[in-house]
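Reviewing the structure listed below.
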Amino acid sequence: AGVLESRFAMGRVWLDADGDGTLGERERPLAHALLWLSHGQTVRTDSLGRFTIPDLEVGRYTLRVDPLSIPADYADPLVRSFRIDGAVAP
């Protein structure tokens, strides 16, 4: 029998207010947000904006933040993007 490869992804989501790609002191993690993967799976961030996606098959995936899951107190008309950073491990 062959070996079935499985991977997981983990990371953090935050409001990148200054667009520098780094979680700064004045930037907040996106707590309890819903993330959609390109193959249909969903995962919710924890209170610190962290997420783990277990049992991923080898391949490429796209993650998107569900805009309906963004808390109202994150509303800032000048900021339009959240940053998703993470890593994949075998």
Side-chain angles (χ1 to χ4, degrees):
V3 176
L4 176 63
E5 286 192 47
S6 177
R7 298 179 184 269
F8 69 92
M10 55 191 268
R12 192 172 202 183
V13 184
W14 73 92
L15 178 65
D16 192 10
D18 58 12
D20 71 351
T22 303
L23 179 59
E25 289 182 20
R26 296 184 180 188
E27 296 172 327
R28 295 187 300 159
L30 186 57
H32 311 292
L34 187 63
L35 303 179
W36 288 87
L37 279 77
S38 53
H39 70 290
Q41 184 178 351
T42 61
V43 64
R44 193 166 292 275
T45 62
D46 68 9
S47 62
L48 299 175
R50 300 175 302 196
F51 65 89
T52 301
I53 306 163
D55 302 323
L56 288 173
E57 293 184 18
V58 176
R60 291 182 176 222
Y61 298 90
T62 301
L63 290 168
R64 295 184 187 271
V65 176
D66 181 347
L68 297 177
S69 71
I70 299 171
D73 64 333
Y74 281 76
D76 182 340
L78 300 177
V79 178
R80 298 284 183 212
S81 66
F82 287 89
R83 174 115 178 150
I84 300 175
D85 262 352
V88 176

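Below, each value reflects all heavy atoms present in this structure, side chains not excepted, and no hydrogens, waters or symmetry copies.
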Taking the side chain as every heavy atom from C-beta outward, state whether [X] and [Y] have any pair of such atoms under 4.5 Å apart.
X	Y	value
Leu56	Leu37	yes
Ser69	Arg44	yes
Arg26	Asp18	no

message: For Asp66 and Thr42: C-alpha separation, side-chain torsions, deciding distance, then whether side chain to side chain contact (heavy atoms under 4.5 Å, CB included) applies.
response: CA-CA 10 Å; Asp66 181 347; Thr42 61; over 6 Å; no
Pairwise distance [atom1]([X]) to [atom2]([Y]) - rounded to 0.5 angstrom:
X	Y	atom1	atom2	result
Phe51	Arg12	CZ	CZ	11.5 Å
Leu48	His32	CG	NE2	8.5 Å
Asp16	Leu23	CG	CG	8.5 Å
Ile53	Phe8	CD1	CZ	11.0 Å

message: Which residues pass the side chain to side chain donor-acceptor pair (under 3.5 Å) test with Glu27, not counting sequence neighbours?
response: none
- prompt: Taking only residues two or more places apart in sequence or in another chain, which ones pass side chain to side chain donor-acceptor pair (under 3.5 Å) with Arg50?
  reply: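 Scan of Arg50 (side chain to side chain donor-acceptor pair (under 3.5 Å), adjacent residues dropped) gives Asp46.
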query: What are the two closest non-hydrogen atoms of Ala31 and Ser47, and how far apart are they?
result: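 Shortest heavy-atom separation between Ala31 and Ser47 comes out as CB-O, 3.4 Å.
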message: Would a single hydrophobic cluster contain both Leu35 and Tyr61, if residues Ile, Leu, Val, Met, Phe, Trp and Tyr are joined by side-chain heavy-atom contacts under 4.5 Å?
response: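 Same cluster: Tyr61 reaches Leu35 through Ile, Leu, Val, Met, Phe, Trp or Tyr contacts under 4.5 Å.
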query: Donor-acceptor pair, Thr45 side chain versus Leu30 backbone, under 3.5 Å?
result: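 Present.
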- prompt: When clusters are formed from ILVMFWY side-chain contacts under 4.5 Å, directly or step by step, what else is grouped with Leu34?
  reply: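 Under the 4.5 Å side-chain rule, Leu34 groups with Trp36.
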